[in-house]
Amino acid sequence: MSFPLLTATAALPAIGAIATAAVPAARRNAAKWLALLVSLATLALAIAVLIRFDPDGDRYQLTESHAWIADFGVRYELGVDGIAVALIALTALLIPFIILAGWHDADPLETGSRRWRPTQGFFALILAVEAMVILSFEATDVFLFYIFFEAMLIPMYFLIGGFGDRAHEHGEEAASTQRSYAAVKFLLYNLAGGLIMLAAVIGLYVVAGNFSLQEIAEARANGSLDMATSTERWLFLGFFFAFAVKAPLWPLHTWLPNAMGEATAPVAVLITAVVDKVGTFAMLRFCLQLFPEASKWATPVILVLALISIIYGALLAVGQRDIKRLVAYASISHFGFIVMGIFAMTSQGQSGATLYMVNHGISTAALMLVAGFLISRRGSRLIADYGGVQKVAPVLAGTFLIGGLATLSLPGLAPFVSEFLVLVGTFTRYPAIGIIATFGIVLAALYTLVLYQRTMTGPVKPEVSAMPDLRVRELVVVAPLVALLIFLGVYPKPVTDIVNPAVQQTMSDVQKTDPQPEVEAAK
């Protein structure tokens, strides 16, 4: 029996979470180092998955299948395609940086505080989320996917509500109230989506007789499973609703600014760069593969929702006073681009959307983590409380600028390539949607450059005059992310070579081909 590499990649952080939580409270530093070492070992396993994956091989590779709940046709089935491999690598890459960036976020609060912050619990919860996200990317049994899709909400709830941002303009009591509100809102929105999806999962089992993604997709393709049109559409809507909440897509997005604003910066990165990617990934893997006709039927409405997300998110980002909420609304705009690329039903659009998931994860991590370092120094999230930072902390300001330029998709940085592919892929089939979406780029330049101008330039405010520059630990977090943004901006081929075959197979599932350009015959 071959080594179960996929199981090991998910099991290691799960075991590490239990071990980290068991570390005595008096040895909190040991818990930090244990979590970091486990995350690095998980990254090594993810690299092994990347190396063993053959982009030109079978669609699902490194597969594992074992009986689990036989009476209900539930199996422990794992397998990865190129899209899943890229996102597993992204997840495993970001978690060590998240842990390093949050090294002191769960340290005990000042004497007299009524809040208890178990350091080992903070890092154990991060590893638990990593395990569940990786299993969600690997699962090819629909019921197995659903379990971990929902289970990841519990550790995220405690990370948001129990370890929120300390910087609050109205003091600790108000901060605690806001954290609780954000955590509950996050949980309720996602639980509502999950309950609707559960009904659709049960309906799928009634129709198909099993939960195996590969078996159901093959039966759909060869005609042995014929769903009624209305049935397929209702099932599609059940799945899509849950994924749209997780993504998040307008108008189901309102939990994200609260969650990111009240969470610590590393947890905010965990939300938008890791957890939310499960929603857009699942649109590609489950919606398009299981319900191809319903996906095409819903495409016009979904594209309009994605377009609203792009413009609405960018407009609200322009008007934000809070740095972290600005990044949250910018992410809503970016997720609109990702969803638009998926449902443009072109190879350029879907390749760009997949590449966008990876690049957005890296760029958002770079920007939000540097913003977190900035906020921890000043103790405020308000843009108006800053000014002239580049004169006293030039390295911090420079990395903040690179993260911001990546957010606005500057040519030469990674997000530009993915955003360009999404717009090209959309324009070839839906030119009006593609043209309007371009205004999102203009707004991104506005909110990014205004943010930098107001915080980093101008006269040095007295409160930031003694602000220290990035420390060694913070440089270790930021420098690799900046290097990746530049490398993938210049040379995205390593990622596109992995994801393109999977995108072509997805296009085949929905029986779509790229529109041919209309070229006037030469006279």
Report summary line: Tightest non-hydrogen contact, residues Ala128 and Ala17, listed as N-CB, 3.8 Å

Report summary line: Sorted by chain and residue number, the side chain to side chain donor-acceptor pair (under 3.5 Å) partners of Lys391 (sequence neighbours excluded) come out as none

Query raised in the report: Can you tell me if Thr428 uses its side chain to pair, donor with acceptor, with the backbone of Gly425 under 3.5 Å?
Result: yes

Requested in this report: Examine distances only and state if a side-chain atom of Asp58 and a backbone atom of Tyr60 form a donor-acceptor pair shorter than 3.5 Å.
Outcome: no

Requested in this report: Heavy atoms only: give me the nearest Ala131-Ala14 pair and the separation to one decimal.
Outcome: CB-N, 3.7 Å

Query - Main-chain N/O of Gln504 paired to Ser508 side chain as donor or acceptor, under 3.5 Å - result: no

Query - Full working for side chain to side chain contact (heavy atoms under 4.5 Å, CB included) between Leu256 and Tyr329 - result: CA-CA 8 Å; Leu256 183 65; Tyr329 280 110; over 6 Å; no

Query raised in the report: Would you call the rings of Phe243 and Phe149 parallel, tilted or perpendicular if under 30° counts as parallel and over 60° as perpendicular?
Result: perpendicular

Query - Arg454: partners by salt bridge (charged side-chain N to carboxylate O under 4.0 Å, His left out), with sequence neighbours left out - result: none

Query raised in the report: With a 3.5 Å cut-off and no angle check, do the side chains of Tyr386 and Glu463 form a donor-acceptor pair?
Result: no

Query - Contacts of type salt bridge (charged side-chain N to carboxylate O under 4.0 Å, His left out), residue Asp385, not counting sequence neighbours - result: none

Requested in this report: Please list, chain by chain and in numerical order, all residues satisfying side-chain contact (heavy atoms from CB on, under 4.5 Å) with Leu37, sequence neighbours excluded.
Outcome: none

Query raised in the report: Does anything in residues 352-364 pair up under side chain to side chain donor-acceptor pair (under 3.5 Å), and if so which pairs, sequence neighbours excluded?
Result: Lys277-His360, Ser331-His360, Tyr356-Glu419, Asn359-Ser418, His360-Thr364

Query raised in the report: How far does CD1 of Ile271 sit from CE of Met260, to the nearest 0.5 angstrom?
Result: 6.5 Å

Report task. Using side chain to side chain donor-acceptor pair (under 3.5 Å) as the criterion, list what pairs up with Lys32, not counting sequence neighbours. Result -> Asp107

Query - Over all atoms of both residues, closest heavy-atom pair of Ala259 and Ile160 - result: CB-CD1, 3.9 Å

